[in-house]
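Reading through the structure tokens given below for one structure.
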Amino acid sequence: DVKVTQSSRYLVKRTGEKVFLECVQDMDHENMFWYRQDPGLGLRLIYFSYDVKMKEKGDIPEGYSVSREKKERFSLILESASTNQTSMYLCASILGGAHSDTQYFGPGTRLTVL
Amino acid sequence: KQEVTQIPAALSVPEGENLVLNCSFTDSAIYNLQWFRQDPGKGLTSLLLIQSSQREQTSGRLNASLDKSSGRSTLYIAASQPGDSATYLCAVWVGQKLVFGQGTRLTINP
């Protein structure tokens, strides 16, 4: 079974802190994604990566950056956390051709910024 | 810009009923469509993937159909059970990303 894991289920940080959210997949997937999910707004794509050291902006990249130094690991970085970044963060990955396969999701990280 | 809509936002039915969840999208130029299930506070679990060239996919009690020309998909759940209670999301591949609907929150009452 494909497994996508996220480093924390729940995280509480203070405004201005630098926050790292880690995502690891164990099936050699090429494409990885970070979303945030908010009530009434649904899932929105922050960043995605289709290869090591490659990244593409999604729909809402402002205030975020990403890092992909190894194929299996995709990190989301909040350079200076703000209260409007309180949200559920979901990581996903997909095998091979993005259009023909299933996207697998991690369990999510519920981030609260105080 | 592709928009995905799911109606209704919430649905409550008695156990044992067959039910249909609806998904519509504005641009028919999609690669495929996926249905996901999300339990409260959890990640998404993929249920069915329909390629753009297909009309339907089945898995157990679930059947998903796709009509690209009308921009619609349905998820049919047969003989519903309390364990089916969850939020169901549909999503379409556009370019390099998935565009999601906001989901239908389904409650199956024992």
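Naming convention: chains lettered A, B, ... in sequence-line order (proteins, then strands); numbering from 1 in each chain.
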**Complete:** Ranking B/Ile30, B/Asp39, B/Leu98, B/Leu44 by heavy-atom pairs under 4.5 Å to chain A gives rank one to B/Leu44
**Asked** Picking from A/His29, A/Gln25, A/Lys71, what satisfies side chain to side chain donor-acceptor pair (under 3.5 Å) with A/Ser93?
**Response** A/His29
**Prompt:** Do B/Ser80 and B/Glu17 meet the criterion of a side-chain donor-acceptor pair at a distance under 3.5 Å?
**Reply:**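 Absent: no donor and acceptor within the cut-off.
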**Asked** Using a cut-off of under 4.5 Å for heavy-atom pairs, which of A/Glu56, A/Gln103, A/Gln6 has the most such pairs with chain B?
**Response** A/Gln103
**Asked** Considering only heavy atoms from C-beta outward, does the side chain of A/Arg44 approach that of A/Ile46 to under 4.5 Å?
**Response**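 No. Closest side-chain heavy atoms not under 4.5 Å.
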**Item:** Contact origin within B/Leu48 toward chain A - heavy atom pairs under 4.5 Å
**Value:** neither
**Asked** For the residue pair A/Tyr47 and A/Phe74, is the inter-centroid distance of their aromatic rings smaller than 6.0 Å?
**Response**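 No, the ring of A/Tyr47 stays outside the 6.0 Å limit from the ring of A/Phe74, centre to centre.
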**Item:** Region of A/Gln37 that comes under 4.5 Å of a non-hydrogen atom in chain B
**Value:**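 For A/Gln37, the side chain is the part near chain B, not the backbone.
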